[in-house]
Amino acid sequence: MAVSLLSHELSDLCLGKPALRSLSITSTIAEALEVLKTSDDNFVSIWNCDDDECCSRCVGKVCIVDVICYLCKDENLVSPSIALKQPVSVLLPKIPGLIIHVEPSCSLLEAIDLILEGAQNLVVPIKTKVFNNKRSKQQQKPFCWLTQEDIIRFLLSSIGLFSPISSFSIDTLNIISPNTLTIEYHSPASAAIGAISRALVEQTSVAVVDSERTLIGEISPFTLACCDETVAAALKTLSSMDLMAYIDCGGPPEELVKVVSAKLKEKNMNGMLQHFTVSMSCGGFSSSSSSDEEYSSSSMADQVSQFPRPGRISRSMSYSARMVRRSEAIVCHPKSSLVAVMIQAIAHRVNYVWVIEEDCSLVGIVTFSDMLKVVRESFETMA
């Protein structure tokens, strides 16, 4: 049965997947930012386009976190308006194999192998009806992409086929990685910029710990992706602990906004100060037309699950379709079962789960890639 499951074609997983929103590699960062702020997706695909649609290729993806880390460079903080006019290609990581084109007939097993080799997204053509055996030259072939989460979600629907490993603890399966990205809570958040960029590529997060490695929270690319580009100012001026409070789902506290403004002024980062001030005067990160007063009423707690709060982007007024992310880390224990950790990650829409001891000391991290490796190895024993 497991053999039959893994022989499924990727076309089975593509049912109902929306077509990719795409940008040309010649587009500017500002254009990419506009697409991201009006999209329900955290990422926009970047394409190296050609007159012949058969030669057009997806060469990468960008999200707001890429823009934030890019603006954190000192020269870009001085003049963010100039930085945003640069081509979006400067944001793409120089790592081959993150995005791979595959055919709909590619098997699930082949897809898992590609992911274990380092692929983040598999770009798959969407099958469409062709009338008169012709396709309009102006009509581009639609694509969707599949992620590690899509694969895990599909496997989870039939996880019983992988018994008994699904009930084994992650400790027994030896899939807890001790190699974590961490920063101490009192350290400047700017010290984590490199780790955040790496976490974005690896689809993990940066753990915020104390001197005894007690897990306090995280600075997650998933959370930062729900903010806007002016978080670069907070990232360069606040401590890690304060940054967690700044990007939490309640939006930036007024006192921290004042701290960021004062430190930008102190460091003569006038370009970012102006950009930051304009953003805050327009209601923070939120692009919703609703007023701030709507969310400061006594009924705010009742509204949180229905409406965006200041400090979050309301993309295309469809915030209900998006997850409100907090800096609170998603955790499990070494004795947690594989299936329990899978469910936990899927439920919280993350690609990883932190592993802690009873005293909250950080043990390591379990990722979707680790889980897929176990499934792949179990298939070898069943074949």
Side-chain angles (χ1 to χ4, degrees), residues 29 32-33 36 42-43 46 60-80 83-84 86-99 118 120-121 177-211 213 215-248 256 260 263-264 267 269 271-272 275-276 325 327 329 350-352 354 362 364-365 367-369:
I29 296 174
L33 199 54
L36 287 164
N42 281 337
F43 293 91
I46 307 301
K61 61 179 182 178
V62 298
C63 70
I64 285 180
V65 186
D66 292 301
V67 181
I68 291 170
C69 292
Y70 176 73
L71 289 179
C72 280
K73 296 179 179 180
D74 290 339
E75 63 271 24
N76 295 335
L77 283 170
V78 170
S79 184
L84 293 175
Q86 297 302 306
V88 72
S89 58
V90 304
L91 302 180
L92 299 178
K94 311 302 181 186
I95 303 174
L98 294 180
I99 306 291
Q120 284 187 358
N121 293 77
S177 173
N179 300 320
T180 56
L181 300 169
T182 62
I183 188 169
E184 291 199 7
Y185 72 96
H186 55 72
S187 299
S190 58
I193 294 172
I196 292 170
S197 294
R198 180 177 164 188
L200 179 62
V201 171
E202 297 177 354
Q203 302 183 76
T204 58
S205 184
V206 181
V208 179
V209 299
D210 65 12
S211 58
R213 279 184 64 86
L215 183 62
I216 296 172
E218 67 175 356
I219 301 174
S220 167
F222 293 90
T223 305
L224 289 170
C226 296
C227 304
D228 79 0
E229 76 281 4
T230 60
V231 170
L235 192 51
K236 288 290 286 187
T237 55
L238 298 177
S239 69
S240 297
M241 194 72 171
D242 284 341
L243 179 65
M244 286 196 299
Y246 188 94
I247 65 177
D248 219 339
L256 287 181
V260 172
K263 291 191 175 182
L264 288 173
K267 295 181 178 183
M269 295 179 178
M272 178 53 82
H275 194 74
F276 181 79
R325 292 301 313 279
S327 53
V350 291
N351 288 37
Y352 61 90
W354 299 108
L362 182 62
I365 192 170
T367 66
F368 277 161
S369 182

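Every value quoted in this text rests on a predicted model; they were computed, and no experiment measured them.
One finds the SG atom of Cys63 at 9.0 Å from the CG atom of Leu224 (value rounded to the nearest 0.5 Å). One distance of note links CD1 of Ile183 with CG of Leu243; it measures 9.0 Å at 0.5 Å rounding. For the atom pair Met241 CE and Asp210 CG, the distance stands at 9.5 Å (nearest 0.5 Å).
Between the side chain of Asn351 and the backbone N or O of Thr204 there is no donor-acceptor pair closer than 3.5 Å.
In terms of heavy-atom proximity, Ile29 sits nearest to Pro87 at CG1-O, 3.9 Å. For Pro221 against Ile219, the heavy-atom pair with the smallest separation is CD-O, 3.9 Å. Residues Tyr352 and Glu218 share a closest heavy-atom pair of OH-OE1, 2.9 Å. Between Asn42 and Leu36, the shortest heavy-atom contact is O-CD2, 3.3 Å. Closest approach of Ala234 and Val260 over heavy atoms only: CA-CG2, 3.9 Å. In terms of heavy atoms, Trp354 sits closest to Leu181 at CH2-O, 4.2 Å.
Here Pro80 pairs with Leu71, Met272, His275 under the side chain to side chain contact (heavy atoms under 4.5 Å, CB included) rule; sequence neighbours left out. Considering only residues two or more places apart in sequence or on other chains, Asn121 meets the side-chain hydrogen bond (donor to acceptor under 3.5 Å, both in side chains) condition with Lys61. For the salt bridge (charged side-chain N to carboxylate O under 4.0 Å, His left out) test, no residue two or more places apart in sequence or in another chain qualifies with Arg213.
The list of salt bridge (Lys or Arg N to Asp or Glu O under 4.0 Å) pairs with a residue in residues 68-80, not counting sequence neighbours, reads Asp74-Lys236. Among residues at least two apart or in separate chains, salt bridge (Lys or Arg N to Asp or Glu O under 4.0 Å) pairs with a member in residues 180-200 are Arg198-Glu202.
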Could you go through residues 190-197 and list every donor-acceptor pair under 3.5 Å that involves a side-chain atom there, pairing it with any protein atom two or more places apart or in another chain?
from   : atom 1 : to     : atom 2 : distance (Å)
Ser197 : OG     : Ile193 : O      : 3.3

**OP:** Go through the steps to decide whether Val67 and Val62 satisfy the test side-chain contact (heavy atoms from CB on, under 4.5 Å), and finish with yes or no.
**Re:** CA-CA 8 Å; Val67 181; Val62 298; over 6 Å; no
Subject >> Stepwise side-chain contact (heavy atoms from CB on, under 4.5 Å) check, Phe276 with Leu264 >> reply: CA-CA 9 Å; Phe276 181 79; Leu264 288 173; 4.1 Å; yes
**OP:** Would you sort out whether Ser205 and Phe222 count as a side-chain contact (heavy atoms from CB on, under 4.5 Å), showing the intermediate values?
**Re:** CA-CA 8 Å; Ser205 184; Phe222 293 90; 5.9 Å; no
**OP:** List the steps, then state whether side-chain contact (heavy atoms from CB on, under 4.5 Å) holds for Leu33 with Ile64.
**Re:** CA-CA 7 Å; Leu33 199 54; Ile64 285 180; 4.0 Å; yes
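In this structure, Thr182 and Val206 have side chains that are not in contact, with every pair of non-hydrogen atoms separated by 4.5 Å or more. The closest side-chain heavy-atom distance from Tyr70 to Gln86 is below 4.5 Å.
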